[in-house]
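Notes follow once the structure below has been shown.
Because the structure is predicted, anything quoted here is derived from the model rather than measured.
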Amino acid sequence: MINPNIKKRKRDMSTIGAMKPVEERFYNDIKIPAKCSTRSMQSFFNDKEFMPPKLVTVEPISSCNLTCLMCPTYLTDKNKSMLEFNIFKKIVEEAKDFQEFFVFQGTGEPFLNPQLFDMIQYAKENGIKNISVSTNGTLLNDNNIEKILDIKTSPNFLQISIDGHNKELFEKYRRGASYEKVKNGLKKLFLMRKEKDFEDKIEISINTLLSNELDLELFLEEWGEYVDDITIGPMLDQASQKNDEADYKEAVQTVNKKEYISCPKPYEILTILANGKISHCQHDFHNIHIKGDMMKGDKLLKTWRNNEYNKLREKHINYQAEETSCNGCAHMYRIENEEALFTARMKIQDYFKIKEN
């Protein structure tokens, strides 16, 4: 059975880059509003060897089968890459001793990599724990559902990115996706999991974004029946996004650039892109946050603790992140309707408490 504490920890980690309640840190007598954990921040200040990342994200492929309104993957100038299996083996060998969560996620759709389930099986057999796959849900066909529910190739968590409380909004945001196909695939997966008595082996959840058009109550009615949990974050513009579509700009949350918050990603999350490069952001659509390259023999922890990475962290905690590749990213600031986001999260929690009872 999936440990409830692990499920809660995973839920917290999945929204770590969103607007969590802010805690104040102090560094060189400077007050720092930070979203990363006390443990990571103190380690960075005090330890000779900065603590390892809690979350390792791996991008199986950089291309996608959709052209979603809020995602610039189809606009990217980075080469379409598929992660080489020998590089993946190196990731597993290095990460197994320190990772808490291991997420197949990136700028592409993981199920487009034909070796995805081979990677999951290899990771499970070689000491990787708490494996999650983030998908757009368009490829939940019979063959993939069978593998998702196979003990050898099943992730511990499957998170499906869905936006829109009806067909019109869903297909507006998830361009190229069929509302009926995604919903039927999710429903079939959920029911087959119950038939196979697999409910204690994999959690199925949805991740959605708080746009200005979302009706959360209708969203819960539309999708909540077929998942164990829903996480929600703000729809934000990011440094590596470079998405100037008018509809997208209208949907993103407004930030207050006077309310700076140190981003948790440089302290908590390490990303390996499909081209083997090591990035400090899992949303690195344009290869602008690169800190190392596994194709050239760079090691994960050595890269995590190198001078360039530490200089980035120093810039963040000294209110100078705009001087880095993070310039222009809304994750560095508080959103103006933060209360609406917290209210939405409470509604979701209440919904699932009622559902469980």
Side-chain angles (χ1 to χ4, degrees), residues 55-66 71 73-74 76 78-97 99 101-161 176-177 181-182 185-186 188-189 192-193 198 201-204 207 269-279 282-285 287 290 292-300:
L55 182 64
V56 175
T57 69
V58 175
E59 182 181 71
I61 190 169
S62 62
S63 57
C64 190
N65 57 342
L66 301 182
C71 176
T73 291
Y74 67 101
T76 183
K78 87 179 184 183
N79 293 330
K80 302 303 181 186
S81 305
M82 193 173 295
L83 186 65
E84 295 182 11
F85 204 87
N86 65 317
I87 295 296
F88 180 75
K89 287 182 177 180
K90 292 179 181 179
I91 295 169
V92 169
E93 181 60 30
E94 293 183 39
K96 66 182 181 182
D97 292 330
Q99 56 85 210
F101 290 90
F102 193 89
V103 183
F104 289 95
Q105 176 188 10
T107 63
E109 167 51 46
F111 282 93
L112 290 176
N113 186 323
Q115 292 185 298
L116 175 64
F117 290 106
D118 295 329
M119 289 179 175
I120 294 172
Q121 182 171 351
Y122 183 85
K124 292 179 75 168
E125 291 174 350
N126 287 274
I128 296 294
K129 55 185 180 292
N130 300 325
I131 298 171
S132 178
V133 176
S134 179
T135 175
N136 60 33
T138 59
L139 299 175
L140 292 177
N141 53 42
D142 291 348
N143 184 56
N144 285 335
I145 288 175
E146 184 177 345
K147 290 180 179 178
I148 289 169
L149 300 178
D150 185 321
I151 194 64
K152 293 181 179 179
T153 53
S154 174
N156 304 102
F157 303 94
L158 183 73
Q159 187 173 68
I160 303 155
S161 295
K181 183 178 179 181
V182 171
L186 174 57
K188 185 169 187 176
L189 171 64
M192 284 191 66
R193 185 186 66 163
F198 217 76
K201 296 179 177 64
I202 178 173
E203 179 188 84
I204 303 170
N207 181 60
I269 305 169
L270 181 67
T271 294
I272 303 91
L273 302 177
N275 56 14
K277 296 185 186 298
I278 303 169
S279 176
Q282 75 266 45
H283 304 296
D284 196 350
F285 293 97
N287 283 335
I290 305 304
D293 191 343
M294 298 198 75
M295 298 289 284
K296 296 180 178 179
D298 291 340
K299 303 294 184 181
L300 296 183

Heavy-atom side-chain contact between Asp284 and Thr271 under 4.5 Å: no
Atom pair NZ (Lys129) and NZ (Lys96), whose distance is rounded to the nearest 0.5 Å: 11.5 Å
Side-chain touch Phe157/Val103, heavy atoms, less than 4.5 angstrom: no
Working for side-chain contact (heavy atoms from CB on, under 4.5 Å), residues Asn130 and Phe102: CA-CA 6 Å; Asn130 300 325; Phe102 193 89; over 6 Å; no
Atom of Ala95, atom of Val56 and distance for their closest heavy-atom approach: CB-CG2, 4.4 Å
Flag side-chain contact, heavy atom, 4.5 Å: Ser154 against Ile120: no
Test log, rule side-chain contact (heavy atoms from CB on, under 4.5 Å), inputs Asn144 and Leu189: CA-CA 10 Å; Asn144 285 335; Leu189 171 64; over 6 Å; no
Ala274 backbone acceptor or donor facing Glu59 side chain under 3.5 Å: yes
Interatomic distance, Gln99 atom CD to Ile128 atom CD1 [nearest 0.5 angstrom]: 4.0 Å
Considering all heavy atoms, the nearest Leu270-Ser279 contact: CD1-O, 4.1 Å
Pairwise side-chain contact, Ile87 with Met295, heavy-atom cut-off 4.5 Å (strictly under): yes
Leu273 versus Asn287, closest heavy-atom pair with distance: CD1-OD1, 3.3 Å
Test item: Leu140 and Val182 side chains (from C-beta on) under 4.5 Å apart, heavy atoms: no
Taking every non-hydrogen atom, the tightest pair across Gln105 and His283: NE2-CE1, 4.4 Å
Any donor-acceptor pair under 3.5 Å from Ser62 side chain to Thr107 backbone: no
Closest heavy-atom pair and its distance - Ala177, Thr138: CB-CG2, 3.8 Å
Under 3.5 Å donor-acceptor, Thr153 side chain and Lys147 backbone: yes
From CG (Leu83) to CD1 (Ile91), nearest 0.5 Å: 5.0 Å
Any side-chain heavy-atom pair of Thr135 and Phe104 under 4.5 Å: no
Nearest heavy atoms of Ile202 and Leu158, plus distance in Å: CD1-CB, 4.0 Å
Value rounded to 0.5 Å, distance of OG1 in Thr73 from CG in Leu66: 9.5 Å
Asn136 (side chain) donor-acceptor with Ser161 (main chain) under 3.5 angstrom: no
Nearest-0.5 Å distance that lies between atom CD1 in Ile145 and atom CD1 in Ile148: 6.5 Å
ring-ring contact (aromatic ring centres under 6.0 Å, His included) evaluation trace for Phe111 with Phe117: CA-CA 9 Å; Phe111 282 93; Phe117 290 106; 5.7 Å; yes
Separation of Phe88 CZ from Met294 CE (nearest 0.5 Å): 11.0 Å
Partner set under side chain to side chain contact (heavy atoms under 4.5 Å, CB included) for Pro110, not counting sequence neighbours: Pro60, Leu116, Val133
Donor-acceptor pair, side chain of Lys299 and main chain of Glu94, under 3.5 angstrom: no
Minimum side-chain heavy-atom gap Ser134-Asn207 below 4.5 Å: no
Side chains of Asn126 and Glu93 in contact at under 4.5 Å (non-hydrogen atoms): no
